[in-house]
Amino acid sequence: MNYLEGLNEPQREAVTHGEGPLMIIAGAGSGKTRVLTYRIAHLMNRGVDPFRIMALTFTNKAADEMRSRLEKVVGTDARNIWAGTFHSVFSRILRIEAQKIGFTSQFSIYDTDDAKSLIRTILKEMSLDDKVYRVNNVLYRISSAKNNLISAEAYMNSAEYRADDEASRVPELGKVYKTYQERLRRANAMDFDDLLFNTNVLFRDHVDVLNKYQQKFHYMFVDEFQDTNISQYLITKKIAAVHQNICVVGDDAQSIYAFRGANIQNILNFQRDFPDTRIVKLEQNYRSTQNIVNAANSVIAKNKSQLQKNVWTANEEGNKIELIKASSDNEEGSLIANSIFEEKMLYQRHNDEFAILYRTNAQSRAFEEALRKKNIKYRLIGGVSFYQRKEIKDLISYLRFTINQSDEEAFKRIINLPKRGIGDTTVAKIVVAAMENNLTLWEVVANPKPYLGDRLSAPIENFSALIKSFHATSVIKDAYETAAHVAKASGLLKELHEDKTVEGLARYENVQELLNAIKEYVDNPESPDKSLSSFLQSVSLLTSADDEKDDKADRVTLMTIHSAKGLEFKHVFIVGMEEDLFPSQMMLSSMADLEEERRLFYVAITRAEHKLTLSYAETRYRFGRLQTCEPSRFLKEIDASYMRMTQNTRTFETERNTSFVKNLTTRKAPPVTTPATTHAPSTNFIASDTSTLTVGMKVEHPKFGFGVVTSIDFSTPDKKAKIKFEKDGEKTLLLSFAKLMIHE
DNA sequence: GACTCAAGTCTTTTT
DNA sequence: GACTTGAGTC
């Protein structure tokens with residue numbers, strides 16, 4: 001068969017391996033996705049029905065990628081494979097089997113915001129101090145427990161967890177966990193971890209259901225196996241138990257999700273649970289130059305715990321790795337932008353051949369500004385998702401509540417939106433009435449008079465009538481028509497339409513865009529069905545990495561290293577190579593964590609094909625203050641022979657007419673020195689006195705636009721400056737974080 | 001109950 | 001810098 005041509009020996013072995021468990025240890029750039037696709041194609045060519053194949057990935061993007069590659073090899077049959085993320089595939093199964101574990105198939109999926117909000121509510125009800133019980137921490141602990149399949153009951157009975165909670169001074173955590181689960185159940189809702197946890201429960205308690213899926217799926221594939229947690233592993237293990245045709249692909253050196261419960265131990269468990277496992281190692285790297293492969297190897301060699309592996313390449317030696325030192329985060333941005341500009345000019349490169357990778361999303365700002373200044377188009381992946389925006393969540397909440405009237409979080413969002421005179425106090429009364437009478441929120445809302453009296457009930461009755469009509473619509477109409485009706489009849493669209501500010505306009509357009517997306521979903525023949533609930537399910541599992549609109553456009557990519565996994569670029573910039581930032585300060589508590597950070601660095605390096613540039617800044621704004629930074633320890637771990645320091649002697653045009661006044665709170669701090677030399681002066685400096693900003697000066701504020709400073713007041717007791725500025729006769733008071741551009 | 005302004009809080013990564 | 005909370009006013 002022609003697709004076997006051009007494969008190396010181990011690749012060919014992996015593709016043609018017949019029945020029985022298979023583990024592929026795939027080094028970075030070793031053609032993993034290719035092998036995986038060909039293997040599935042190979043099976044289908046031998047007559048395996050695509051309906052009997054389940055392929056699990058970690059991101060929607062990876063699933064789409066696999067599907068489209070398969071389609072190229074085997075045609076549209078590929079669509080019949082059950083391919084998707086763990087969360088999407090098993091939420092689909094849970095939807096079918098929901099009744100068996102006490103949910104209805106209309107269950108809602110709570111995202112992280114909903115989960116946090118529910119925890120906040122519970123903490124308040126239990127009168128626990130949210131300064132001690134940090135919401136993030138509570139959710140993290142609950143999530144870890146679920147990922148290890150520890151139920152709330154088991155948690156409370158475990159001496160170990162109890163001791164740990166006592167030691168962390170959160171002794172009530174078990175109770176919070178238990179209440180949290182009860183509330184989810186009452187809301188007919190699951191959080192992300194529940195989708196996996198409940199699948200385990202389903203398979204454990206209903207052998208007939210398990211049998212059904214064991215019989216259905218003859219072949220299982222798990223991509224990025226090193227990132228599976230116990231909960232995910234057990235599901236796949238159970239389904240594969242009968243046919244034993246399970247193929248896992250992974251690389252322990254690229255395990256970067258331990259914080260989410262991923263367990264490299266699974267690689268060892270797999271060999272124990274499937275003793276006949278055939279192991280294939282893919283070690284030849286086809287992606288990167290020798291310098292890049294060698295540098296990556298020299299870094300990962302510092303890790304103690306890893307599987308024996310020898311990644312090598314026959315590619316050319318290539319450019320040395322470049323190291324750029326910048327004096328500030330903003331200068332880092334402009335140096336990188338310049339470097340991209342130069343490369344484009346010198347070598348006719350396209351924007352989409354470049355990627356800027358960073359540790360945290362917050363770092364993107366400086367690069368965005370610098371690229372914009374140079375007129376280089378970019379796309380930003382991650383950060384705040386389209387689906388996290390307020391106006392989008394609002395409409396989605398309406399839709400969720402239309403489908404599932406037990407959904408407490410959706411209810412709280414929409415009950416008084418647009419304003420209909422139902423304030424916090426009334427909502428609190430509803431909640432209390434529901435609790436005291438052992439009713440659901442909806443039962444109280446649908447019939448409020450006995451609990452709240454006539455006066456308060458009127459607006460609530462209007463609300464419940466509205467929802468009832470929405471629900472009736474959803475039964476007979478498809479997702480798009482229902483959503484369009486809800487957007488209009490709820491008053492959401494009208495309210496946004498009346499807001500004539502720039503932001504209001506953007507929000508209105510966003511809602512229209514959501515409606516377009518729903519239309520697209522309804523029109524797409526691959527959607528399972530056209531109902532609103534089916535759309536909501538798919539939309540709840542989308543992440544910020546999924547909502548790119550202009551994918552094809554020629555743009556520089558900006559993203560975190562985590563979201564870069566599985567991708568490759570001609571020229572990669574890894575920026576912010578500073579101690580405490582990368583490796584992250586929070587990760588330095590243990591050796592294991594440091595090793596995970598190092599693997600993250602390894603992942604970043606191995607994204608590069610031809611050229612790799614590292615950079616760090618000597619000063620950086622964090623916590624709203626200027627900090628001095630040390631170069632990252634990881635820089636020293638790269639063998640010096642693969643690197644070269646770029647002398648930062650290029651000259652830049654000085655922007656004399658623009659300067660930033662930033663963060664006047666710190667006016668007592670020493671001003672940042674801006675040497676009047678060939679170096680680009682940092683465009684940021686701290687105002688050391690009022691002389692840089694004077695009354696009557698014309699300024700530009702990023703949000704409010706052009707205006708004139710009318711007064712500056714440094715006399716406030718807490719050292720904060722008040723700057724007033726006037727715009728079109730309208731006075732605006734700016735607080736300490738005023739960031740004004742001065743046009744002289 | 002709705003709105004405004006000011007102060008306080010928090011920063012890792014993602015399904 | 002972004003977001004939440006709290007106090008004060010209408």
TODO: Please tell me if the side chains of Ser168(A) and Arg141(A) come closer than 4.5 Å, counting only heavy atoms from C-beta onward.
DONE: yes

Are any of [X]'s side-chain N or O atoms less than 4.0 Å away from OP1 or OP2 of [N]?
X         : N       : answer
Lys390(A) : dC3(C)  : no
Thr59(A)  : dT14(B) : no
Asn416(A) : dA2(B)  : yes
Asn60(A)  : dT14(B) : no
Thr560(A) : dT14(B) : yes

Within the 4.0 Å heavy-atom criterion, would you say [X] contacts the bases, only the backbone, or no part of the nucleic acid?
X         : answer
Phe58(A)  : sugar-phosphate
Asn136(A) : sugar-phosphate
Thr426(A) : sugar-phosphate
Asp111(A) : nothing

Which nucleotide in the set [options] lies at the smallest distance from any side-chain heavy atom of [X]?
X         : options                   : value
Thr112(A) : dT15(B), dT14(B), dT12(B) : dT15(B)
Thr360(A) : dT13(B), dA2(B), dT15(B)  : dT13(B)
Thr85(A)  : dT15(B), dC3(B), dT14(B)  : dT15(B)

Open item on the list: Measure CG/Asn330(A) against C1'/dG1(C) and give the value in whole Å, please.
Closed with: 13 Å

- [ ] Mark this stacking check for Phe86(A) against dT15(B) as yes or no, applying ring centres under 5.5 Å and ring planes under 30°.
- [x]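 A stacking contact does not exist, since Phe86(A) is not both close and nearly parallel to the base ring of dT15(B).
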
Task: Glu630(A), CD atom: more than 12 neighbouring heavy atoms under 6.0 Å - done: no

Task: Donor + acceptor pair across side chains of Ser364(A), Glu368(A) (<3.5 Å) - done: yes

Open item on the list: If we ignore hydrogens and angles and just use 3.5 Å, is the side chain of Asp194(A) paired with the main-chain N or O of Asp191(A) as donor and acceptor?
Closed with: yes

